[in-house]
Each structure stands twice: as C-alpha cells, then as structure tokens.
Amino acid sequence: MRGFKLGILAATAFALLPLSAAQAQQVININGVEATRVVIGPATTPLAKTIKAGLKDDYYGASAGSREWQSAQKLYYFYGERNFEPLWLDQDGDKLKFSDKAKSIIALFENAELDGMRPSDYLTDALDLTNIENEPERLAAVETAFSQSAIRYAQHAAGGRVDPRSVSRSITLNPTRIDGAKMLIDLVQSSDPAALLYSLHPSHREFVALRDELAKKLDGVQEEQIIVPNGQLLKLGRTDDRLPLLRARLEVPASDPADELVYDQAMVDAVEEFQSSLGLVPDGVVGPATIAALNGANGASVEDIVANMERWRWMPKNLGDFFVFVNVPEYRLEVRSGDTVRHATRVVVGKPKHATPIFSDEIEHVVVNPYWNVPLSITKNELLPSANGNPGYFAARNYELLAGGRVINASNVDWANVNPANPPFRIRQRPGRGNALGQIKFLFPNQHSVYLHDTPSKSLFSRSYRAFSHGCVRVHNPLEFADALLAFEPDLSLDKIKSMFGSSERWNNLKTHIPVHISYFTLRVSGDGTIRSYGDVYGHHQRLINLLNS
C-alpha cells in the first residue's frame, strides 16, 4: 500500500512539472498510475511574459497544497498551455484594454441583477486597468481575475450562489458544479462567450417567468396592486378593517355600506370560488395561505423572486420527461409530463421539527399492504412512553416487536429493565386498516428514509395548513396517484394493485424508475403565467434571503 501511495505521488508530481514547448501533451504511466504531461509553452510576447511572471509569483508564493496554491497552479498551467497569451486583454499602442470578447462578458456582468445575481460579485476592483502597463503583477492579476469572475458567474448561473446545505441540512439537492478549467477552454473557443455564459442559467419555464417578473419589478413597471395584509383569520360574521381591500380584490361590493367591514356570506362564497380555482381548500376562511395566494406576485418582493430563482438553480437541469413534483409550501403533488400536469392532489408534509427533506430521487417500488417499520426516534419518544410498560398497548394497535429478525411476544419482555434510549427490539405495525401508511406506499430509497404513502388520517387534508407528519409525504388520493404514476408501466396497473389488497405485504418493482422531486418554492407559476405565493412553512425561504444578502 505504501508503494502504491508513493507511485501516485510520483505520477502527480511528474504531471505538474513544466515541460518544454516541444514536448507534446501525452498520457504516461508511472508505477501503474496514468498521468498527463502538461505542456508549458514559452512566453514570446512582452504581454505574455508579463502575465507569466505574475502567475509564477502567485503560484510559487502560495503555500503548497492550499486552496490558493491549487487555484494558482491551475491558472498557471492553463495559461502555460497557451504560451501565456492573454484571454481578455489587448494591446492598444502603449495602452492595454479589454478585448471585444471581454467587453461582451462585462456587459453580461453589468446586467447580472436582471438574472437574480449581483454585478459586484464579478465587476470587482481587481478588473481595474488604470495605469497597469508597467506593473507586471497587476497586469497578470487583472487577466486572471477576469477569468475567475467568468468562472464565478458560470457557477452562480448554473448552480446558484448559496450551498443548499447552508440553508438546512435537510436540503440535499446537488446543484450543477462548473469545471473551471474546462469552462475557460470553452470560453476561449467560443465565438460568443457571453452567450455561452448566459446559456448556463436554468431554462425551466418557471425560472424564465420569474426572471421576467423580476425585470418588471426592477424597472418599476407594476400593475396597480391591491395587497391584502396578513391578520387574524377571517370567518363568516367577523368584522375587519381589511374587508374593503378584500372586496376590491375579489370585486364583491357590500350590499349595504354599513356592512362594508363585515365578512358576510357573499364574501365567503367569493373566497371559496377563489380558493377552488387555485386548488386550495375551499373553506371560505381567509388565513395566511389564502392571503399569500390573493397577493400573488404583487405581494412578492425582489428578494422573494431572487430566492425562488436561486432554488431553481439547485434543481436538476432535466426534471425528466415524466416525473413527480412535490412542493412542500404548496402542500401539493403533481404528476407531470413536461409542463403538462397529468394528475394533482393535496399532500401532508412534515412538521417544522420533522421537516420533509428537499431532494430529488427516483421512485423504484410500489408496496401494497405495507408494514410500517417504526423509526427509532418515534419508538423512543412516543410509543414507549405511551406504552409505559404495558405489553397490551402494542397488540391493541396492531404493532409487533422484533428481535434478531423474529417476532417476539411483548409479554415476555422484561419491561422494568428496558432502556428506552436503546430498546432490545424494533417495532413495526402490521398491514391493515389502521396502519399508519394506509394501503400503499411509493418508495425511492434515500438517505432520509422518507417516501410517499397513503394514510388513514384523511381529515388533515381538509385543512389549509398541512404540516403534520414525521417527514414522509402523505398523499390524499393515493390510488388516483398510483393510476397516473403507472401510466407507462407495462406490468402494473391500478386494477392489479387493487387485486393485491389484503393482509400480506406485496412489493412491486418498477421497470422504469420515475424521477421524483421534493421541492421548496414559495412562488409558483401556473400554466397561464399567474404567479402564486405560498407560506414559508420551515423558514427555509427567509434563511436563504439572509444568505443571499450577506
């Protein structure tokens, strides 16, 4: 093993040695380890020699192995392969100027705000060309700083400015990461590098619509707004100073001016119609979710739009031709073919203290009559305290105890000596009417151990606020969802699933795995372009805004 490590080190060191320009780049083999020779060409022009000197000072002046050293090394060898000729600077007599390609990228930097980014992240003081002709280190620094700004813009455009995990450890999306060296090569070879950089922004329909809305906000072009403030719940018969605004928003005049501030039946009917049109629970009660929907894009700030654009940058570039999309703040699940919604239903998501994680995966299994394997946290914090040493508690709720892979009798457990923090058994609930997972679950094996499933607790779907689970996503109409989900599955159908209902768990492996995206968007854009606003149920949205502004 020691010899193997030394072989890798030797190959790596050899690959980084500057070679003569006459030597071609080639793959060599040292002690069984492949390494690529890096060709460092001679600097022949005064400008190239100046750039080489500045890059060399940065490279050899940094601590070996540090991030600065690695960055300087990459830049040194990148420019070395092109004989240290500049990418972004031109000689104009005795003066230096940015090349035409650089100027097109600078224009892109200047308009970065229109794409939800900050011009100051790219147009830094390091790009100042004032009196640098006779300062080799500054000249090289400007050239490399421009390259770094271009790479930074590319990364921000493609994968966002903020690491999703810095918002919450439960967000495990994997944004696109840019290979800086490859990006520089692509920019050098491109006839329109600014267009190449701009193409890295998401092309998702909703991202583009949010970008258009952002432009309107920044230009001050706004339609006349009727913003209904948040306040106490509005129910039939209540009086509230917001009623004139609400009446104007829904175009429901008071039958009697004396009753303008009363939430009457006409208003209830109008609110129910509005709620139904957006897929909200049509209960006629005006709460935070209905207020957010009423205000829509008009109630969204520039920061709100930018944060939602950032979240689109975290999403996979290709969501799939046929996929499941769950939006936690919306409490909604969709089965989609591109931009076409084939099926939609309400969902219940995790409580704030048991937040549903945000990630993308693939549905691989449909399980009928599932066991519920109770998570250890629920066993320790809920079931064991509730049982309080009573073995009959488990049988009454259709639970069974397992130890060593075998079912054991709860009456045979020495409950007086059971450590609740580390019980000598695990608990599962048998299939049946009262099973917490209902009759069916949809599995996409993941690090969070969450999935989509049925539930016997149907009453929660009638509420506007639906964050009540321990993290998994409960589906309101699971059989309708299954029917839509299996549209392209040749050997499994809704009728076949129904024929499996009973007391035995039945696993079905899907021949085609279906992408599933559990997302967190507080602004959504409907098919007709309407922007709808939703609440920040876990606080992810505000934390992201704070990070974007830092």
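Because only heavy atoms are used, hydrogens play no part in the values below, and waters and symmetry mates are left out as well, while side chains stay in.
Atom OG1 of residue Thr144 and atom CZ of residue Phe78 lie 12.0 Å apart, to the nearest 0.5 angstrom. Atoms CD and NZ, on Glu110 and Lys103 in that order, are 12.0 Å from each other to the nearest 0.5 Å. Taking SG of Cys472 as the reference point, atom CG of Leu452 lies at 8.5 Å (rounded to 0.5 Å). A distance of 9.5 Å separates NZ in Lys441 from NE2 in His453, rounded to the nearest 0.5 Å.
Counting heavy atoms from C-beta outward, Ile514 and Glu362 have side chains that stay 4.5 Å or more apart. Under the 4.5 Å side-chain criterion, counting only non-hydrogen atoms from C-beta, Tyr538 is not in contact with Ser168. Contact check for Phe461 versus Arg474: side-chain heavy atoms found under the 4.5 Å cut-off. In this structure, Asn446 and Thr172 have side chains that are not in contact, with every pair of non-hydrogen atoms separated by 4.5 Å or more. Using a 4.5 Å heavy-atom threshold, the side chains of Leu479 and Leu494 count as touching. With a 4.5 Å cut-off on side-chain heavy atoms, Leu437 and Thr455 do not count as touching. Annotation: side chain of Tyr153 is not in contact with side chain of Leu200 (no heavy-atom distance under 4.5 Å).
The six-membered or imidazole ring of Phe521 lies away from that of Tyr534, with a centre-to-centre distance of 6.0 Å or more. The six-membered or imidazole ring of Phe442 lies near that of Phe481, with a centre-to-centre distance under 6.0 Å.
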**Request:** For salt bridge (charged side-chain N to carboxylate O under 4.0 Å, His left out), just list the numbers for Asp339 and Arg205, CA-CA rounded to whole Å, side-chain angles, deciding distance to a tenth of an Å, and then say yes or no.
**Result:** CA-CA 8 Å; Asp339 289 330; Arg205 178 186 60 83; 3.6 Å; yes
**Prompt:** Do Tyr122 and Arg152 pass the side chain to side chain contact (heavy atoms under 4.5 Å, CB included) test, and can you show the C-alpha distance, the side-chain angles, and the key distance before you say yes or no?
**Reply:** CA-CA 7 Å; Tyr122 322 108; Arg152 187 180 307 115; 4.0 Å; yes
**Request:** Report the C-alpha separation of Glu334 and Arg524 in whole Å, then their side-chain angles, then the decisive distance to 0.1 Å, and conclude whether the salt bridge (charged side-chain N to carboxylate O under 4.0 Å, His left out) test is met.
**Result:** CA-CA 13 Å; Glu334 298 172 343; Arg524 294 294 311 278; 3.8 Å; yes
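Shown here for Val306 and Arg161, the closest heavy-atom pair between the two residues is CG1-NH2, 3.9 Å. A pairwise comparison of heavy atoms in Leu108 and Ala194 identifies CD2-O, 3.5 Å as the closest pair. Here the closest heavy-atom approach between residue Pro316 and residue Leu319 is recorded as O-CD2, 3.7 Å. The shortest non-hydrogen separation linking Leu197 to Ala154 is CD2-CB, 3.8 Å. When all heavy atoms of Pro175 and Arg313 are compared, the pair lying nearest together is CB-O, 4.2 Å. Closest approach of Ile440 and Pro370 over heavy atoms only: N-CD, 3.9 Å.
Ser190 and Asp192 share no side-chain donor-acceptor pair at under 3.5 Å. Between the side chains of Asp304 and Ser301, at least one donor N or O lies within less than 3.5 Å of an accepting N or O. No side-chain donor from either of Glu480 and Thr345 sits under 3.5 Å from a side-chain acceptor of the other. No side-chain donor-acceptor contact under 3.5 Å links His343 and Asn477. No hydrogens or angles considered: a donor-acceptor pair under 3.5 Å links the side chains of Arg311 and His541. With 3.5 Å as the limit, one finds no donor-acceptor pair spanning the side chains of Ser170 and His448. Side chain to side chain, Glu303 and Asn549 meet the donor-acceptor criterion of an N or O pair below 3.5 Å. Of the N and O atoms on the side chains of Tyr79 and Glu143, at least one donor lies less than 3.5 Å from an acceptor on the other residue.
Here Asp212 does not pair with Lys216 in a salt bridge; the nearest charged N to carboxylate O distance is not below 4.0 Å. Between Lys511 and Glu489 there is no salt bridge, since none of the side-chain N atoms of the basic residue sits less than 4.0 Å from a carboxylate O of the acidic one. No salt bridge links Glu113 with Arg118; every basic N to acidic carboxylate O contact stays at or beyond 4.0 Å.
Classified by interplanar angle (parallel below 30°, tilted 30° to 60°, perpendicular above 60°), the ring pair Phe207/His201 is parallel. Between His540 and Tyr520, the two ring planes are tilted [angle within 30° to 60°]. The aromatic rings of Phe325 and Trp312 lie parallel to each other, their planes meeting at an angle below 30°, with 60° marking the opposite boundary. Between Tyr77 and Tyr59, the ring planes lie perpendicular to each other; the angle is over 60°, past the 30° to 60° tilted range.
Listed by chain and residue number, nothing satisfies the salt bridge (Lys or Arg N to Asp or Glu O under 4.0 Å) test with Asp179 (two or more places apart in sequence, or in another chain). Here Phe84 pairs with Tyr76 under the ring-ring contact (aromatic ring centres under 6.0 Å, His included) rule; sequence neighbours left out. For Asp115, the salt bridge (Lys or Arg N to Asp or Glu O under 4.0 Å) partners are Arg211, not counting sequence neighbours.
Within a 6.0 Å radius of NZ in Lys56, other residues, nucleotides and ligands contribute 12 heavy atoms or fewer.
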